[in-house]
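Remarks on the structure that follows.
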There are 2 protein chains.
Amino acid sequence: MTGLDGLLAHLPSWSTEPEVLARAALDRSGAVPDGLPLAVVHATSVDDVVRTVSYAAEHGVPVVPRGAGSGVSAGALAGTGTIVLDLSRLDRIVEIRPDDGIAVVEPGVITADLDRAAAEHGLRYAPDPASAAFSTIGGNIATNAGGLRCVKYGVTRDSVLALDVVTGDGRLLRTGRTTLKGVTGYDLTSLLVGSEGTLGVVVGATVKLLPLPRSTATATAYFPDARTAVEAVTGLRRAGLRPSTIEFLDHATLVAIDDAQGGDLSTRGRAFLLVQTDGYGAEEEMAAVVEALKATATLVETSGDAAAADRLLATRRQALPSIERLGRVLIEDIVVPTTRLADAVAAIEAIVRDTGVRIFTFAHAGDGNLHPIVLVEEDGPPVGDAVDALFALALDLGGTLTGEHGVGLLKRDWLAAELGETGLDLQRRIKAVFDPAGVLNPGKAITER
Amino acid sequence: MTGLDGLLAHLPSWSTEPEVLARAALDRSGAVPDGLPLAVVHATSVDDVVRTVSYAAEHGVPVVPRGAGSGVSAGALAGTGTIVLDLSRLDRIVEIRPDDGIAVVEPGVITADLDRAAAEHGLRYAPDPASAAFSTIGGNIATNAGGLRCVKYGVTRDSVLALDVVTGDGRLLRTGRTTLKGVTGYDLTSLLVGSEGTLGVVVGATVKLLPLPRSTATATAYFPDARTAVEAVTGLRRAGLRPSTIEFLDHATLVAIDDAQGGDLSTRGRAFLLVQTDGYGAEEEMAAVVEALKATATLVETSGDAAAADRLLATRRQALPSIERLGRVLIEDIVVPTTRLADAVAAIEAIVRDTGVRIFTFAHAGDGNLHPIVLVEEDGPPVGDAVDALFALALDLGGTLTGEHGVGLLKRDWLAAELGETGLDLQRRIKAVFDPAGVLNPGKAITER
């Protein structure tokens, strides 16, 4: 511990108090670590990060980078013998350059705060994960967070132009550029986005901002069953439409929201879609959306005014908290080709029937990204088989284990099945290039040999 | 040579004829190799690629992958002792899945052919490099090609979902996924796009297709000088507009086009912008574009019908061929923040004055991507200083050496200045992970130690 004391003596803010450590060891996954970290370092500068990582590399101590701790795959879970590197105090919006459409931020900036700051310039930060109100840009970058608008505007990776990172050997690396385009060198920026803190610690980012859309139109549609609802997504594509949001809620989720909020959504249909269009021509495009939805929906409503649309979006964002009221949950995040969504919801219904496990499914349906929320009931059936069946169906349908939450600790066992041995081997070697001592968030995102 | 004969005996199509080798050694850069390759292999299957690369790795023979040979940075230049691996016969569009919005292609597919095939399903392949009519998807992936529409729809990397590549040790690697979203593992797909054949040989790709826009509107504007024209790009941004194309031509380029085509563009103004909007609301957005342009343009014309718009785009695409009629050219490709475009065109005008070298500049102005075309005149001044000055101004203005053409051989000397030593070191180590024997297009894209 003399060594660690030597590090801490050079840092302005840290703690080794058990209660602080216990909190800093957890994220929103519900997973439980094997013990307490050694210390939590609250970085107040890039230099603090360099010092901490350099110490860790020299002494072989694992470092667990942490933003808001809002991850749901246990990517920020910190066990015995680790140092938690908390980046949440690096929270300055350094610069917004509206005429270039870029912002320079520190990793601890809350995503919604950046979006609000951009809005003062008539701009927005496109990625809008459901956690935007409390998750950080650094965490969003670590997991390549998605959100509701990414069906039209892309995921976090599509908005990140440049990164400042501290690599596993304590070097400061600048990747990318502040221009909107460029091909000099390999794309290390995209490689780092989604790497869950295993290749480098993000200490700064330059991100794209887009003009706020001139107008936004919103429709809600109710369907006789889940299959019909998700099949409507293909109908929208066939009509050549490009909605900015296509969200699906199944009946169990509608009931959970109603129970939590006192509404009556679940009485209007067995499945629900929320569709938005935006930009020039949003109203005209919405008219075409409504026409397409009416082919199979039992009820379609449009809401002209922005306040009503915001209420609908808020309802959608209440899906997960409403389910979480019922008990501990496992938040899954599989993706399938959109044409296989109907097969996916049918398979999930079969898993519910076969295992007796309660699953609530909502989805960023335009991307094929399903969030089956598995309820872990104390006196209910064990959920392991149901979760395995969800992963198996994702791969069976030509999909992927995780769309926007990351692998973390919780999805590691399925990694080889998706990536293949050659892919996994190359990924491990890349990890060794950036983090030769293997101290950056070890065991997360990719499995060791 | 016995070893090489042993390889060729197992391959269905190859040549060692000097005339064939001489042609296969060149690309569109105008650069001259130091001698003849050993052989050109015309791959007819993935197995041919695996065999060739495995042989090369075993015997330490450099392999130069090649599509249409339309690159302009000498990325496909093949010198003495190399094997040219020609992928142009792997040219099948394997599958178009319109309802999923994806296509599966072999690398030798001509980009415009894919776009045409997609159009039969009401879709399009968004990247549209000026070379689309003759360049291949594989080559576009190697350089991360851009084009006219990428200001709104992104570059090649943004359209590539999954790749099949043969790595430098002859292993077949599948990266990415066929879903629209996914974060399982590091993003090897983005890493490979733009790597100029130095990390792997692309033998297959799954790409995104977008709906054909419902309508497209086009305007042309003439300005009193280049500065005023490129400053109008910032005006469009301030108005919250998202054109699908913003192309700039300077006066020298307008004169070259007029000389080649017998037109009178150069009499209408000293600088020119071509702006398109598309999708729902294209006409309404174009009205706002025109209003913004009129603030500083001396003449603004809109063309309602598609045929007229196509003629305008064709004129733009004639810029480079029209300049090439005047002699050998160096095609530069720098990018600056869009707010620095005015400084960039002023600096280029100063370079012309100071060096006496003739430079024609056109630009994907919405991206800040300038193509200064440097004329190499036999009895003119030497161009070296002018080219160095272009690279220096790109970096001085916070920009990059290459926006969409790649580093190839021609921009290597400036690489460290842009990437920094840490970045370059990590890139070299990544190269060694994918290509331990160092046989894939050595010397291109990144410099060796």
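Note that this is a predicted model, so its numbers are computed, not measured. Naming: A, B, ... by sequence-line order, numbering from 1 per chain.
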Next item on the list: Under 4.5 Å heavy-atom distance to chain B, tell me which part of A:Thr167 shows up: side chain, backbone, both or neither.
Entry: side chain
Item checked: Which portion of A:Pro337 sits near chain B, non-hydrogen atoms under 4.5 angstrom -> both
Checklist line | Winner by heavy-atom pair count (cut-off under 4.5 Å) against chain A, out of B:Thr198, B:Thr175, B:Thr189 | finding: B:Thr198
Notebook entry, point to check: Any idea which of B:Ser195, B:Gly279, B:Gly194, B:Pro213 has the most non-hydrogen atom pairs under 4.5 angstrom with chain A?
Noted result: B:Ser195
Item checked: Contacting region of A:Lys431 [heavy-atom separation from chain B under 4.5 Å] -> both
Check: Of all of A:Leu397, A:Thr277, A:Leu180, A:Thr179, which one pairs up most often with chain B through heavy atoms under 4.5 Å apart?
Finding: A:Thr179
Next item on the list: Please check if the side chain of B:Lys152 supplies one atom and the backbone of B:Pro243 the other of a donor-acceptor pair under 3.5 Å.
Entry: no
Next item on the list: Return the option, out of B:Val433, B:Thr143, B:Thr184, B:Thr422, with the maximum number of heavy-atom pairs under 4.5 Å with chain A.
Entry: B:Thr184
Check: Tell me, side chain or backbone of B:Arg429 under 4.5 Å from chain A's heavy atoms, or both, or neither?
Finding: both
Next item on the list: Applying salt bridge (Lys or Arg N to Asp or Glu O under 4.0 Å), name anything that partners A:Asp158, two or more places apart in sequence or on another chain.
Entry: none
Item checked: Heavy-atom closest pair, residues A:Ala217 and A:Ala282 -> CB-O, 4.0 Å
Notebook entry, point to check: Considering only heavy atoms, which portion of B:His121 lies under 4.5 Å from any heavy atom of chain A: side chain, backbone, both, or neither?
Noted result: neither
Check: Relative to chain A, which of B:Val193, B:Leu172, B:Leu173 shows the most heavy atom pairs under 4.5 Å?
Finding: B:Leu173
Notebook entry, point to check: So which part of B:Glu418 gets closer than 4.5 Å to some heavy atom of chain A, the side chain, the backbone, both or neither?
Noted result: side chain
Next item on the list: Could you tell me which portion of B:Leu341 (side chain, backbone, both or neither) has an atom closer than 4.5 angstrom to a non-hydrogen atom of chain A?
Entry: neither
Notebook entry, point to check: Should B:Arg124 and B:Asp278 be marked as a salt bridge (Lys or Arg N to Asp or Glu O under 4.0 Å) after you check the CA-CA gap, both sets of side-chain angles, and the distance that decides it?
Noted result: CA-CA 13 Å; B:Arg124 75 176 178 191; B:Asp278 71 3; 3.0 Å; yes
Next item on the list: Looking only at non-hydrogen atoms, find the nearest pair between A:Leu212 and A:Leu123 and report the distance.
Entry: CG-O, 3.5 Å
Item checked: Top of A:Ile334, A:Ile102, A:Leu415, A:Leu419 for chain B proximity - count of heavy-atom pairs under 4.5 angstrom -> A:Leu419
Checklist line | From CA spacing to verdict: side chain to side chain contact (heavy atoms under 4.5 Å, CB included), B:Glu285, A:Arg214 | finding: CA-CA 10 Å; B:Glu285 187 169 12; A:Arg214 185 182 170 77; over 6 Å; no
Checklist line | Any donor-acceptor N/O pair, B:Asp367 side chain to A:Lys181 backbone, under 3.5 Å | finding: no
Notebook entry, point to check: Going through the distances and angles, do B:Asp343 and B:Arg340 end up as a salt bridge (Lys or Arg N to Asp or Glu O under 4.0 Å)?
Noted result: CA-CA 5 Å; B:Asp343 294 334; B:Arg340 306 308 297 274; 2.9 Å; yes
Check: Side chain, backbone, both or neither: which part of B:Leu210 has an atom under 4.5 Å from a heavy atom of chain A?
Finding: side chain
Next item on the list: Check each atom of B:Val155 against the heavy atoms of chain A and say whether the ones under 4.5 Å are side chain, backbone, both or neither.
Entry: side chain
Item checked: Polar side-chain atom of B:Thr402 near backbone of A:Val183 as donor-acceptor pair, under 3.5 Å -> no
Margin query: At a heavy-atom distance under 4.5 Å, which candidate from A:Leu241, A:Leu424, A:Val407, A:Leu188 has the highest pair count against chain B?
Written below: A:Leu188
Note to self: Report which part of A:Leu161 has an atom under 4.5 Å of a heavy atom belonging to chain B: side chain, backbone, both, or neither.
What the structure shows: neither
Note to self: Less than 4.5 Å to any heavy atom of chain A: does that hold for the side chain of B:Ile446, its backbone, both, or neither?
What the structure shows: side chain
Next item on the list: For side chain to side chain contact (heavy atoms under 4.5 Å, CB included), just list the numbers for B:His364 and B:Ile246, CA-CA rounded to whole Å, side-chain angles, deciding distance to a tenth of an Å, and then say yes or no.
Entry: CA-CA 6 Å; B:His364 307 305; B:Ile246 311 177; over 6 Å; no
Check: Quick one: what part of B:Asn369 sits under 4.5 Å from any heavy atom of chain A, side chain, backbone, both or neither?
Finding: side chain
Check: Please walk me through it: do A:Asp99 and B:Thr234 pass side-chain hydrogen bond (donor to acceptor under 3.5 Å, both in side chains)?
Finding: CA-CA 6 Å; A:Asp99 287 348; B:Thr234 300; 5.5 Å; no
Next item on the list: Taking all non-hydrogen atoms of both residues into account, name the closest pair between B:Leu191 and B:Leu199 and its distance.
Entry: O-CD1, 3.9 Å
